[in-house]
Amino acid sequence: QVQLVESGGGLVQAGGSLRLSCAASGSIRSINAMAWHRQAPGRQRESVAAITSGGSTNYADSVKGRFTITRDNDKNMVYLQMNSLKPEDTAVYYCNADLRLNYGLRYMTYWGQGTQVTVSS
């Protein structure tokens, strides 16, 4: 089955940086969009950044200019470079992907288990 695994989270001071990685594995034929979402305590999960298979990106207003999403199509990986981190960035970060399995006819959405990012002031 398809598995998405995030890594790279941790504890950093405000103004610091982290780089999150997400690896997709399994019998994957192709991956369309990949994205990062986050969920802070007491808040709904929100979209942070997304990237299409062609490299087009979109960011939440709260992270524009600070976060950069990239992907490696050959390795089925997506990354999130987070700079100038703020305490309000503290959340569990999840990656997701719209992908098609081998012999599949349409794209389905899959989610990783999440990685904790904590930014101290």
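Only this structure's heavy atoms are used, side chains among them; waters, hydrogens and symmetry mates stay out.
- Put simply, the side chain of Glu6 gets close to the backbone of Gly114: a donor and an acceptor are under 3.5 Å apart.
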TODO: For the pair Met82 and Ser17, evaluate side chain to side chain contact (heavy atoms under 4.5 Å, CB included) and give the outcome as yes or no after the intermediate values.
DONE: CA-CA 5 Å; Met82 305 185 295; Ser17 298; over 6 Å; no

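- Closest approach of Ala49 to Leu80, counting heavy atoms only: CB-CD1, 4.1 Å.
- Trp111 is connected to Val92 through a chain of hydrophobic side-chain contacts under 4.5 Å among Ile, Leu, Val, Met, Phe, Trp and Tyr, so both are in one cluster.
- Using a 4.5 Å cut-off on side-chain heavy atoms (C-beta onward), Thr90 and Val117 make no contact.
- To the nearest 0.5 angstrom, Arg19 atom CZ is 11.0 Å from Thr68 atom OG1.
- With rounding to the nearest 0.5 Å, the separation of OG in Ser7 from OH in Tyr79 is 9.0 Å.
- For the residue pair Gln116 and Thr118, a side-chain donor N or O sits within less than 3.5 Å of a side-chain acceptor on the partner.
- Grouping the Ile, Leu, Val, Met, Phe, Trp and Tyr side chains by contacts below 4.5 angstrom, directly or via other members, places Met34 with Val2.
- From Phe67, atom CZ reaches atom CZ of Arg38 across 5.5 Å, with rounding to the nearest 0.5 Å.
- The minimum heavy-atom distance linking Cys95 with Val78 is given by the pair CB-CG1, 4.4 Å.
- At distances below 3.5 Å, not a single donor-acceptor pair connects side-chain atoms of Arg100 with backbone N or O atoms of Ser30.
- A single hydrophobic cluster is seen to contain both Leu101 and Leu4, as judged by linkage of ILVMFWY side chains at heavy-atom distances under 4.5 Å, directly or through other members.
- In this structure, CG in Leu20 is found 7.5 Å from OH in Tyr93, a value given to the nearest 0.5 Å.
- Contact detail for Ala40 and Ala91: the closest heavy-atom pair is N-CB, 3.8 Å.
- Note on Val48: it clusters hydrophobically with Val12, by side-chain heavy-atom contacts below 4.5 Å among ILVMFWY residues.
- At a cut-off of 3.5 Å, with distance as the only test, no side-chain donor of Thr115 or Tyr94 sits close to an acceptor on the other residue.
- Considering all non-hydrogen atoms of both residues, Asn96 and His37 come closest at OD1-CE1, 3.4 Å.
- Of the listed residues (Ile51, Thr57, Asn76), just one forms a side-chain contact (heavy atoms from CB on, under 4.5 Å) with Arg71, and that residue is Ile51.
- The line from OG of Ser56 to CD1 of Ile69 is 11.5 Å long, rounded to the nearest 0.5 Å.
- The line from CG of Asp98 to CZ of Arg106 is 12.0 Å long, rounded to the nearest 0.5 Å.
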Open item on the list: Apply salt bridge (charged side-chain N to carboxylate O under 4.0 Å, His left out) to residues Lys86 and Asp89 and explain how you reach the verdict.
Closed with: CA-CA 5 Å; Lys86 305 175 181 179; Asp89 294 319; over 6 Å; no

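- Within 6.0 Å of CZ in Arg45 there are more than 12 heavy atoms belonging to other residues, nucleotides or ligands.
- The shortest heavy-atom contact between Met77 and Ser21 is CE-CB, 4.1 Å.
- Under the 4.5 Å side-chain contact rule for hydrophobic residues, Ile31 and Trp36 share a cluster.
- When all heavy atoms of Ala14 and Ser121 are compared, the closest pair comes out as CB-CA, 4.4 Å.
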